[in-house]
Trainee: 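One structure is given below, represented as structure tokens, and several questions about it will come after.
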Amino acid sequence: MKFSKHILILAAIFLAGMCSAGVVTENLRCEYLTNPLGIDATSPRLSWIITSPRRGEMQSAYQVLVASSSNLLNEGQGDLWDSGKVASAESSQIVYAGSPLVSRENCYWKVRTWDRDGKAGGWSPVARWSMGLLQPADWSAKWIAPILSNQDTNATLSILHATYEAVAEGQSADVTAVLNSNIKQGRLKMVVNNKTLGVDPAYKVVKHLRVEYEYGGQIIKKEADENQTLMLPAQSSSVPYLRKSFELQSPVQKAVLYVTALGLYEVHINGQRVGDHVLAPDWTDYRKRVRYQTFDVTGLMKTGGNAVAAMLANGWFSGHIGNGGFEFFGEEPAFLAQLEVTYADGHTERIETDDTWKSHASPILSADFMLGENYDSRLEIKGWDKFGLDESKWDGVAVRDESFRQLESQVMPPVREICELNPKSVTKSKSGDWIYDLGQNMVGVVRLKVSAPAGTKITLHHAEMLNPDGTLYTKNLRGAPSIDEYVCKGDGMETWQPRFTFHGFRYVGISGLNGRPQKNAVTGIVIGSDTPRTGEFACSDPRINQLQSNIQWGQRGNYISIPTDCPQRDERLGWMGDAQVFIRTATYNADVAAFFTKWLVDVDDGQSPAGAFSNVSPNTSRDVGGVPAWGDAGVICPWTIYEMYGDKRILEQHLPAMIKSVDYVQSHSDGLIRNKDRGEDFGDWLSIGADTPKDLIGTAYFAYSTHLLAKSCHALGRDAEADKYDKLFADIKTAFNKRYVKADGRIQGNTQCAYAMALKFELLPEDLRPKAAQYLEEDIKAKGNHLSTGFVGVSYLLPVLAEAGKVNIAYGLLLQDTFPSWLFSVKHGATTIWERWDGWTPEKGFQDPGMNSFNHYSLGSCGEFLFGGIGGIQPATPGFKTIQIEPAINNGLTWASASFDSIHGKIVTKWRSYGDQILLEVVVPANTTALVRFPAKDTASITESGEPIEKVAGVKCLEMENGKASFEVGSGTYKFTSLVGQGYRLGAPRQK
Ligand code: BGC
């Protein structure tokens, strides 16, 4: 009796819970970020996600409250903004429309939503954002740089004799004069190569440089290999400490630190590191803007003595960057910090960088992205970041006028440590080094744990691959030796990891220790811009799962502050072509909206006054730009972010630059054909055995960018411009067809890239599309089911084949594992995407080390087909408010599952095929609808959760066409089964 009473009570509670559960509003974000501090968007955009246990849920209304304190918000008061009940189904890109926001403002917010029946759900958890320093006048801190007395500023440097000579043969050239002419302010920093030295004494032979120089009265000899960096006097890239001690009279209610550097910084308060950013601030075109970070440091403050201290490195500002050499943006780094303290009684005080700060050399003797980091732990200063340190031997700082640089807030997830990898094996190489294999080609640094006598110098070499003899393959690093050195202090177990460098590697060679090191002496610290993971894909073929893993690792390791090409050699640049071919894949794998929001500003910053987008952004190239497929990133990327996140503001913001770029390309064409002024023009970069005419690629991209521009104008309601660019697109199409397409649909060059572009970019008349798809199929078959595209064509291949109904051919290419193919590198043990189809082959071994990266994501742009094709998840309207679900099912796989956290919530598809039966499970998030399409012979053969489909409430049958059934569904989980008709060849036999 008692028992059944309990059951009744429980059931009542459960039912009450069910009824009142209604919609739950959660995952509140502002400008794509969770609780961001110090933003500078004065009308920030808000988003949330709603969930509900029932199918077909929609938001009928919402209310947003924004308050200046959490107390007010708890009392239900939105003193900054009370949107009132807004009848709307929008839950993303909601523009704040409250009182004007001012610098430093704190905003606490919550949302409630009403379900489709008009019933209110509960309030969401509270979220917050704060405003940064919006006006230049908000900054009173001064830029500072150290003055270190141990750097002999009076010592002069002069090169006595320098020869650049072939290693094997006898040829050499005297380069004394060139070196002397490169000395600036008593220092010399240069990469050793034919270009910088202005001579090639032995063509195609490895060379090195011997120098004899005089510095501070001493005569010193130094050697450097070709492509390595020469720095005289040695160690001019040391990392100084900066610090300031101060007293706070009474308890602090709040303390906020605004901080940045021209270079890189790590800042500490009272012995503790502030935040967890790595390599901050993010890389920008420092000539135009510098991003600062905001931290709430209230918890680190003490009444009485305090200290704020920092380390300052060259980084992208004055260190060695790809193609730009050293000191591209400036000669010496500088630091800026403004700590704003509010006492309990309300009065405020600022501690800021000025000429009262102190500086001192740190144990980091040098730090450079390409060279590595050198650390002598015997030079550590105990308490360097604490109050009470004896500062009498510290030097002063110089104040620098950098006020012309625009300061802007960081608007993207920072670079962080993502995870730690344990070694898989340790072996002794024939050179005597201990080689650690981390099992994964990764980007970051080593964490070293050793115990050795004081003064022991440990050297760490990094490599992506091993030579056949088991030694490290480092030739492909070119001018980035990537060598870290640590000198032990000898007091037991010591742990160290470099702070201001990063390497691309799987193998670590360690030398300098006596005897065999412990297995855990080396672990890999993986770093990357911490974009939240949004996509998961798995299927019945483990090789494809490895391919997906390789794509994700490629993205993680190359999205370091900006989208880079590669992380290991002396390049690591924001190559625009790479970024645009991969962006759609990237948006499935991670939430990259904020990451691209920031980078696209760098892209506009790099645009030439005439309108040409640069090759790399931030722009360090001296090329005129406007290169087909590379320059087009400035149009394609904003459009993709709009499509994937429904972000109209990004279109609005970049529209002027997009227009300028299309107009530039038009005025550098002849009769709308791109037969001139294409800058460095890389064509279908790294294609294999198929050359697509470069002017054809140029004209095709001109058309594509124009079309996307027209669509962007339509989306923004700018009708006149939309009409203008629609017309231009039509005219370019006409010119394209006239110049490159024969009456039978053959396209000049007859390459896969040409057909893929023509189909994807909608360049052909309707009647020629099937023909072009047919020629594409024929070419693939003629090559034995192999692809031949390079960076440009590769991302379009699979989607256009599937769209043309050639799913079998698309699967054939994807599952191919002989050369050239995606699975070729997987078959040979790749853990990231290789730069070249033939980076390594059994017959030839390694490709030319001059350009052979093993971590380049571009060819991994097939990733969009895994989610959008095999998983079938695509936006039917921007931001996935309506979703198109149409998995490309084929007997190449017996099952596949994909999930994607869209801005409206998680979308899932899982399919399995048995002979003539398909099971398809679909999860559609609340407040969205989906169009689901899958193979079936007729609607009568379809069930959902065991019920005949026609009887299922909320599933609207649309049509049966070409052996596929279409349905419109609201949110919820659906389990469809169907029987397919003749013509489908599916996987395993049907289960009984
Ligand atoms: C980079 C590429 C880039 C290319 C331009 C290379 O050196 O690594 O990924 O797109 O140059 O063709």
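Predicted model, so just to flag it, every value in this text is computed and none were measured. Whatever order the structure lists ligands and atoms in, that order sets their numbers, starting from 1.
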Trainee: With a 4.0 Å cut-off, would you call Asp570 and Arg478 a salt bridge?
Mentor: yes
Trainee: Between Gln607 and Ser614, is any side-chain donor less than 3.5 angstrom from a side-chain acceptor?
Mentor: no
Trainee: Between Phe682 and Trp575 (judged by ring centroids, cut-off 6.0 Å), do the two rings come close enough to count as a pair?
Mentor: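 Yes - the distance between ring centres of Phe682 and Trp575 falls below the 6.0 Å cut-off.
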Trainee: Tell me, do Phe537 and Asn589 make a side-chain contact under 4.5 Å, heavy atoms counted?
Mentor: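 Phe537 vs Asn589: side chains apart.
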Trainee: Give me the nearest non-hydrogen protein atom to atom 3 (C) of ligand 1 as residue plus atom name, then the distance to 0.1 Å.
Mentor: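 Its nearest protein heavy-atom neighbour is Trp575 CD2, 3.4 Å.
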Trainee: Short list, please: which atoms of ligand 1 are under 4.0 Å from a heavy atom of Phe791?
Mentor: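 Within the 4.0 Å cut-off of Phe791, ligand 1 contributes 9 (O).
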Trainee: For the residue pair Tyr559 and Phe595, categorise the inter-ring angle as parallel (less than 30°), tilted (30 to 60°) or perpendicular (more than 60°).
Mentor: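 Taking Phe595 first and then Tyr559, their aromatic rings lie parallel (interplane angle under 30°).
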Trainee: With a cut-off of 4.0 Å, which atoms of ligand 1 are near a heavy atom of Glu835?
Mentor: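 Counting atoms of ligand 1 from 1, those under 4.0 Å from Glu835 are 8 (O).
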Trainee: Within ligand 1, which atoms have a heavy atom of Phe682 less than 4.0 Å away?
Mentor: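 This gives 5 (C), 12 (O) as the contact atoms.
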Trainee: Centre of Phe854's six-membered ring, under 6.0 Å away, within 45 degrees of the axis: is that where NZ or CZ of Arg836 sits?
Mentor: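 Verdict for Phe854: no cation-pi partner in Arg836.
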Trainee: What atoms in ligand 1 come closer than 4.0 Å to a heavy atom of Arg569?
Mentor: 1 (C), 6 (C), 7 (O), 8 (O)
Trainee: Assess whether a salt bridge exists between Asp437 and Arg506, defined as any Lys/Arg side-chain N lying under 4.0 Å from an Asp/Glu carboxylate O.
Mentor: yes
Trainee: Looking only at N/O atoms, are Glu571 and ligand 1 under 3.5 Å apart anywhere?
Mentor: yes
Trainee: Heavy-atom contacts with Asp578 under 4.0 Å: which atoms of ligand 1 show up? List them by number with element.
Mentor: 2 (C), 3 (C), 9 (O), 10 (O)
Trainee: Could you identify the single nearest non-hydrogen protein atom to atom 4 (C) of ligand 1 and state the distance to 0.1 Å?
Mentor: Trp685 NE1, 3.7 Å
Trainee: Using a 4.0 Å cutoff against the non-hydrogen atoms of Asp565, which atoms of ligand 1 qualify?
Mentor: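 Those of ligand 1 that fall under 4.0 Å from Asp565 are 1 (C), 8 (O), 9 (O).
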